[in-house]
Structure formats: structure tokens, C-alpha cells
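Heads up: the structure comes next, in C-alpha cells.
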Amino acid sequence: MAANMKKLNLLSLAVVVALTGCSDDDKDYKSLIVNNTLPVGSEQCVNGGTEKLEGEDTNRNGELDADEVLTTTVTCNDPASSLTPQQLVNLSTNQWFKDAKVKMATSQDNIEKIVKESGKAKNIILFVGDGMGVSTVTAARILAGQLEGKMGEEHLLSFDTMPFSGFSKTYNVDAQTPDSAGTMTAMASGVKTDVGVIGVDEDIERGDCSTVAGNELVTATELAEINGLATGIVSTARITHATPAATYAKSADRNWEDVSDMPEDAVTGGCEDIASQLVNFEANLEARFAGVDVDGLEVVMGGGRRHFLPKDAAFNSSDAMSAVEGDRTDERDLTAEWQAKYPEGQYVMDQAGFNNLDTESVSQVFGLFNESHMQYEADRANDIAGEPSLSEMTSKAIDVLDNNDKGFFLTVESGRIDHAHHAGNAYNALNDTIELSKAVQVAMDKTSIEDTLIIVTADHSHVFTIAGYPKRGNPILGKVVAVGKTEPSMAADGMPYTTVGYTNGLGYRDLGDETNADASYLEGPAVGRFDLTSVDTMSPGFHQEATVPLGSETHAGEDVGVYAIGPGAHLVTGTNEQSFLFHVMDYAGDLVKNADAKLAK
């Protein structure tokens with residue numbers, strides 16, 4: 001505000017009126033008046049106005065400095081309307097109205113600040129909330145607010161504050177309701193494809209190794225690598241799982257995570273398992289593009305150690321949960337192979353190793369923090385050897401990647417939102433979404449909107465609903481309590497029901513304080529309604545009822561949200577094919593153009 005300005009320049013900022021002349025008396029100072037225009041959306045006047053500053057030029061410099069202001073008078077404009085001020089008083093004094101006016105001004109300012117030219121993004125970060133549909137975002141936003149003591153609905157997740165947003169259509173080429181392999185391939189490569197295949201186009205036949213050759217796609221991560229940028233992949237799922245795998249692998253089946261998962265004809269046919277492709281990423285990329293010299297992924301962090309270790313107890317890690325941790329039947333220890341390829345890099349498998357990473361000096365990081373998927377955020381404290389949170393991994397990944405002066409490309413997946421929904425456990429799905437929001441905030445704090453494009457989206461949705469008519473501020477994980485009521489509403493069967501629930505899945509479980517959502521799979525689907533009168537539906541182990549009993553809750557087919565900030569973010573608007581996101585990132589970073597130039601040399 002003007003009162004806080006260090007100096008108010010007479011010529012450029014205001015009209016100054018001299019009220020008295022100078023005299024020989026040193027104490028006879030010239031009185032000055034400065035009139036400032038307040039823009040629409042300012043905190044003092046949401047509809048704009050004027051600010052009159054009066055004071056004395058005690059230092060005789062001809063300018064009214066901040067410490068010379070004696071009085072400030074603010075006059076606010078009435079809203080532009082044919083209504084009288086008396087008729088407008090309910091609007092101009094209403095907090096919702098005033099907040100919206102401020103938001104209008106902020107939005108205009110954000111739009112003006114966004115770099116709209118192509119190729120201006122030095123860094124690109126793609127966040128994927130696996131299974132994070134619109135209802136998940138809404139419920140997580142409310143829960144996050146309620147955890148902070150608010151009513152909840154008015155709260156904003158970090159990516160809610162981004163200036164641009166739109167929707168992605170998630171269907172696969174052959175499926176109305178998609179899977180993560182096809183959806184992430186679309187985002188990573190700009191080409192929609194079939195269910196269950198990784199990094200290849202729709203001409204592939206799932207499970208047929210012979211159809212891979214010639215149908216491989218080029219991903220944004222690979223283009224960034226060719227362009228000399230630092231590259232990284234972070235996930236709370238197995239790092240060989242569909243979403244992270246789509247950034248680096250080409251596979252006729254998403255389930256070919258290691259050689260033991262592949263049919264014999266695929267192995268003899270020359271197809272490489274996904275874990276092996278990760279370790280051989282550098283060599284494979286150089287083989288595909290003659291003359292290209294790349295240095296490999298700088299950061300890989302996630303779960304899935306079992307796919308990198310031989311099926312031999314001698315190779316078990318300190319926190320192995322199985323008698324034999326490794327699954328590989330080819331006797332290869334891919335963690336050792338990676339270390340041999342990158343002797344200056346560091347392989348870490350627990351919180352201590354993660355904490356000891358020197359981000360200023362380490363060249364490459366390979367972190368595998370669990371035998372399978374990493375823990376749910378709410379269950380992380382129960383990990384045997386300890387593991388970092390998604391926000392911690394995001395922070396450290398950026399610290400390593402930004403050592404490259406050319407910039408970086410980073411993909412971050414919150415993979416366990418999806419798994420919690422499949423298990424029918426909203427508690428973990430929402431808490432992992434909140435943790436994703438924290439990770440996004442870390443990225444926003446560590447980068448600049450001038451040179452870093454950040455996109456937040458989901459690969460698909462889930463059949464997760466927010467229903468009933470609960471009153472404002474009602475606990476989002478609680479039972480429905482109607483407006484003006486204090487007791488839960490009753491369904492036609494005379495029993496209470498929860499605000500959030502699932503269209504299908506395993507259904508009701510009351511597992512108390514259990515923070516591992518996967519515990520629900522120990523029993524078959526629960527059929528029908530259950531009396532929740534004495535059940536704590538907000539406990540970690542409560543699993544919502546499901547209408548259609550299934551062995552696992554399913555994905556949903558509706559559009560998902562996309563949120564963006566930074567160079568090129570203005571292109572994220574309206575409803576687009578999911579493959580469009582690659583082209584936004586390409587525009588922002590000139591990924592294809594720069595790679596073409598490199599390959600042409």
C-alpha cells in the first residue's frame with residue numbers, strides 16, 4: 001500500500017499541491033498532498049477509489065516520504081451499477097462479494113504475469129494424483145481445511161490457487177473407463193493408446209512382444225534427456241508401476257514389471273522387463289537415436305525393490321517383508337548394475353540414507369524405499385526402516401535436479417490415492433491427496449513462475465461420491481447431518497449413512513485405527529447396508545459402504561481436473577484430450593524442437 005512505500009515520487013506517482021511557500025524559518029516546512037488511485041480489487045476498496053496522503057516535506061527534498069505522511073484519507077468508489085448506494089450496501093459490505101472482487105483483481109494480475117511465449121520454461125514439473133478425480137479433490141480440500149480447524153469447504157489446496165485450470169478426457173483408445181497405463185502414456189507422449197500398454201501406440205497388441213517394435217512412442221522425459229536437461233521420476237507406488245513406467249518404458253503389458261512376470265515367448269522374443277528398462281534407460285535411449293549422448297535419469301525415487309533384486313534371500317534388504325524379497329528369476333541384481341553404471345551416484349533404501357544425501361554434490365540418486373509400494377502417508381510411521389514422504393522426495397529431487405543449469409523435467413506421482421480408493425478407504429485416499437498438495441506447495445516455493453511450468457492432474461477418477469445433504473462444516477468423513485440438525489439423517493431403512501461412499505467395491509469395514517487400507521482385502525466383499533449408528537466413520541480403518549459388491553473398487557470414466565502455473569500455463573483451459581497435456585509441456589519447453597535440432601547435428 002502507498003503508506004508503506006519508501007518514497008512517493010511527485011512527478012510519476014501523484015499530483016502534488018504546495019499549500020505554503022518556503023520561508024527563512026527552518027521549521028516552516030512545505031505542506032504536500034499526494035493523491036493515489038486505488039485499483040479495483042485493492043484491499044482498501046474492492047471497487048477502486050482514491051487515497052489522499054497529507055504531510056510536510058521535513059527533509060526538503062520535494063517529495064513526500066513515507067515517514068512524512070501525517071494523515072491518510074481513503075475514498076472508495078461505489079460498485080458500477082444503476083442501483084443506489086443504499087441498495088448496494090448488502091453487496092459492497094458482504095464478505096463473499098468483497099472476496100470475489102479481490103479474486104478478480106488477483107486473477108487479472110496472475111494472467112498478466114504468465115509467460116505466454118513458447119520455449120520459455122526452463123523447468124517442467126508434472127504432478128499426477130493417481131485416481132484423483134474431482135470428488136477426491138473436493139473431499140480432500142474439505143478435510144484439509146477441517147484438520148486446520150476451519151469449516152472446510154472454503155479451504156484451498158495448493159494447486160487450487162493456480163491461475164489456470166481445465167479438464168482432461170481420460171478414456172483410452174479401446175476403453176470408456178481407462179487404466180493408468182494408457183492414460184499416463186497419453187500425457188507422457190501426446191498419443192492416446194490402449195488399456196494396459198506402456199509407451200506404445202494403439203497398433204500394439206497387449207501381451208504380444210512382437211508388436212512392440214515400430215510402435216514405440218517418445219516421451220517428454222526422453223526429449224528432456226536428449227536436450228541435456230536433468231530428469232527425474234518420483235512415485236509412492238512401485239517405480240515400475242504403470243504411471244511412472246510410462247515415462248521411460250516401452251512394454252506390451254503393464255504387468256511385465258520384472259522378468260518373472262513375463263511369458264516365455266516375450267523373454268525369448270527379446271522384450272525387456274520394465275525394471276531392466278529403467279536401469280538401462282540411458283543405453284536404450286542412445287540405441288534408439290543414433291549419435292545421441294545422454295547421461296541418464298538423475299533422480300529415481302519410489303517403491304518396488306522386489307523387481308530389481310534376484311529371487312534369493314541373500315539379497316534381502318533390511319526391511320524386507322517377505323522371506324525372499326526379490327522376484328527376479330534371471331539372477332540379476334539391478335541395484336548393483338545401476339551402481340556400476342553410475343559409480344558417483346547413490347543408491348538408498350531407507351529414511352536414513354535419504355536424509356544423508358548431499359544434494360549439492362550427488363550426481364544421481366536411485367531410491368527404492370519399499371519391497372512393493374511405499375506406505376500410505378498415514379501409515380508411513382509404521383515402515384520398518386523408515387521412508388520419506390512425497391513432499392520430502394519432491395523437495396530433494398528438485399534440489400538435485402536444479403544443479404543442472406539447463407533446467408530439468410520432473411514427474412511426481414502420488415500413486416497410493418488410487419490404491420486407497422480401490423480398497424474403499426476414503427481416509428487414506430484423502431490424506432494422500434493432502435500430502436500431494438503439500439508436495440506441490442514445495443515445488444511452487446522452490447521454483448519461479450517465470451521459468452517453471454507446473455501442471456497438476458490425475459490419470460483417471462474413481463467411483464467415489466459426495467452425497468446426502470450434510471450441513472456446512474459437517475465432517476467430510478462423518479455421517480450426514482442435515483442443515484439445522486444435530487443428529488445423523490436416516491435413510492429409508494432407518495439407518496444413518498456417510499457423506500462419502502463408493503458405487504462399487506469391497507464395501508463396509510470397521511478396522512478401527514488400522515492405517516493400512518490394504519487390510520480390507522483380507523475379507524471378501526461386504527454385501528448390503530450396515531448399521532453405522534455406533535461406528536466411528538472418521539477412523540483410519542473405516543471403509544465406506546459400496547452399492548455394488550466387487551473384489552476391488554473400480555476406476556471411473558469422467559473427466560479429471562488439470563491445474564497449471566508458469567510459462568505456457570495459459571494453454572490449460574477448457575476440456576481437452578488427455579494427450580493435449582504433452583503438447584502444453586512441449587510448447588512451454590520447446591522439447592520436440594530442441595531435440596530435433598540435436599538429432600540433426
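Keep in mind that the numbers below use all heavy atoms, side chains included, and drop hydrogens, waters and symmetry copies. Everything numeric in this text was worked out from a predicted model, so none of it was measured.
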More than 12 foreign heavy atoms under 6.0 Å from [atom1] of [X]: is that the case here?
X: F167; atom1: CZ; value: no
X: E331; atom1: CD; value: no
X: K116; atom1: NZ; value: yes

Show the nearest heavy-atom pair for residues [X] and [Y], with the distance to one decimal.
X: A275; Y: R328; result: CB-NH1, 3.9 Å
X: Q346; Y: V362; result: OE1-CG2, 3.7 Å
X: M132; Y: V137; result: CG-CG2, 3.7 Å
X: S363; Y: G345; result: OG-N, 3.7 Å
X: A313; Y: V324; result: N-CG1, 4.0 Å
X: D327; Y: H307; result: OD2-CE1, 4.1 Å

Minimum side-chain heavy-atom gap [X]-[Y] below 4.5 Å:
X: L599; Y: V292; result: yes
X: Q375; Y: N382; result: no
X: V212; Y: E216; result: yes
X: N431; Y: Y376; result: no
X: N284; Y: E272; result: yes
X: M162; Y: V440; result: yes
X: F369; Y: M301; result: yes
X: L581; Y: T457; result: yes

Next item on the list: With sequence neighbours left out, write down each residue that passes salt bridge (charged side-chain N to carboxylate O under 4.0 Å, His left out) with D194, or none if nothing qualifies.
Entry: none
Next item on the list: Kindly write out the residues that satisfy salt bridge (charged side-chain N to carboxylate O under 4.0 Å, His left out) with E298, not counting sequence neighbours, or none if the list is empty.
Entry: none
Are any side-chain N or O atoms of [X] and backbone N or O atoms of [Y], one a donor and one an acceptor, separated by less than 3.5 Å?
X: D586; Y: V592; result: yes
X: Q176; Y: G557; result: no
X: Q364; Y: D295; result: yes
X: T411; Y: I233; result: no
X: S135; Y: T465; result: no
X: N316; Y: A323; result: yes
X: D459; Y: G131; result: yes
X: Q578; Y: A186; result: no
X: T236; Y: M374; result: no
X: D179; Y: G182; result: yes

Pairing of [X] and [Y] as salt bridge, 4.0 angstrom limit:
X: K169; Y: E577; result: yes
X: D258; Y: R238; result: no
X: K341; Y: E282; result: no
X: K446; Y: D402; result: no

Next item on the list: Can you tell me which residue pairs pass the salt bridge (Lys or Arg N to Asp or Glu O under 4.0 Å) test with a partner in residues 220-231, sequence neighbours excluded?
Entry: E222-K250, E222-R288
Note to self: Could you go through T211 and E205, starting from their C-alpha distance and side-chain angles, then the distance that decides it, and tell me whether this counts as side-chain hydrogen bond (donor to acceptor under 3.5 Å, both in side chains)?
What the structure shows: CA-CA 6 Å; T211 63; E205 183 179 338; 5.8 Å; no
Next item on the list: Take S158 and Q441 through the test side-chain hydrogen bond (donor to acceptor under 3.5 Å, both in side chains) and record every step on the way to the result.
Entry: CA-CA 6 Å; S158 61; Q441 187 63 59; 4.7 Å; no
Note to self: Quick check on side chain to side chain contact (heavy atoms under 4.5 Å, CB included): which of T575, V560, N576 does S168 satisfy it with?
What the structure shows: V560
Nearest-0.5 Å distance, [atom1] of residue [X] to [atom2] of residue [Y]:
X: M585; Y: L453; atom1: CE; atom2: CG; answer: 8.0 Å
X: I565; Y: I114; atom1: CD1; atom2: CD1; answer: 5.5 Å
X: L591; Y: D596; atom1: CG; atom2: CG; answer: 11.0 Å

Assign the ring pair [X] / [Y] to parallel, tilted or perpendicular, where the plane angle (0 to 90°) is split at 30° and 60°.
X: Y587; Y: H570; answer: perpendicular
X: H419; Y: H373; answer: tilted
X: H555; Y: H460; answer: parallel

Next item on the list: Determine, stepwise, if the pair H422 / Y521 fulfils side chain to side chain contact (heavy atoms under 4.5 Å, CB included).
Entry: CA-CA 10 Å; H422 280 309; Y521 291 107; 3.5 Å; yes
Next item on the list: Test Y347 against F308 for ring pair (Phe, Tyr, Trp, His ring centres under 6.0 Å), laying out the working first.
Entry: CA-CA 12 Å; Y347 168 69; F308 295 83; 8.8 Å; no
Check: Strictly by modelled atom types, are D319 and S317 linked by a side-chain donor-acceptor pair under 3.5 Å?
Finding: no
Note to self: Working note: I417 + E377, criterion side chain to side chain contact (heavy atoms under 4.5 Å, CB included); need CA distance, chi angles, decisive distance, verdict.
What the structure shows: CA-CA 10 Å; I417 299 170; E377 177 59 24; over 6 Å; no
Notebook entry, point to check: K192 and E202: side chain to side chain contact (heavy atoms under 4.5 Å, CB included), yes or no, with the steps?
Noted result: CA-CA 7 Å; K192 275 185 177 272; E202 64 189 272; over 6 Å; no
Next item on the list: Start with the C-alpha distance between S391 and S389, add both sets of side-chain angles, then the distance that settles side-chain hydrogen bond (donor to acceptor under 3.5 Å, both in side chains), and finish with yes or no.
Entry: CA-CA 5 Å; S391 54; S389 67; 3.1 Å; yes
Next item on the list: Walk me through it: do D333 and T335 pass the test side-chain hydrogen bond (donor to acceptor under 3.5 Å, both in side chains)?
Entry: CA-CA 6 Å; D333 178 357; T335 63; 2.5 Å; yes
Margin query: Against H462, only a single residue in T136, D418, D130 fulfils side-chain hydrogen bond (donor to acceptor under 3.5 Å, both in side chains); can you say which?
Written below: D418
Note to self: R416 vs D379, test: salt bridge (Lys or Arg N to Asp or Glu O under 4.0 Å). Steps then yes/no.
What the structure shows: CA-CA 11 Å; R416 308 232 63 193; D379 199 39; over 6 Å; no
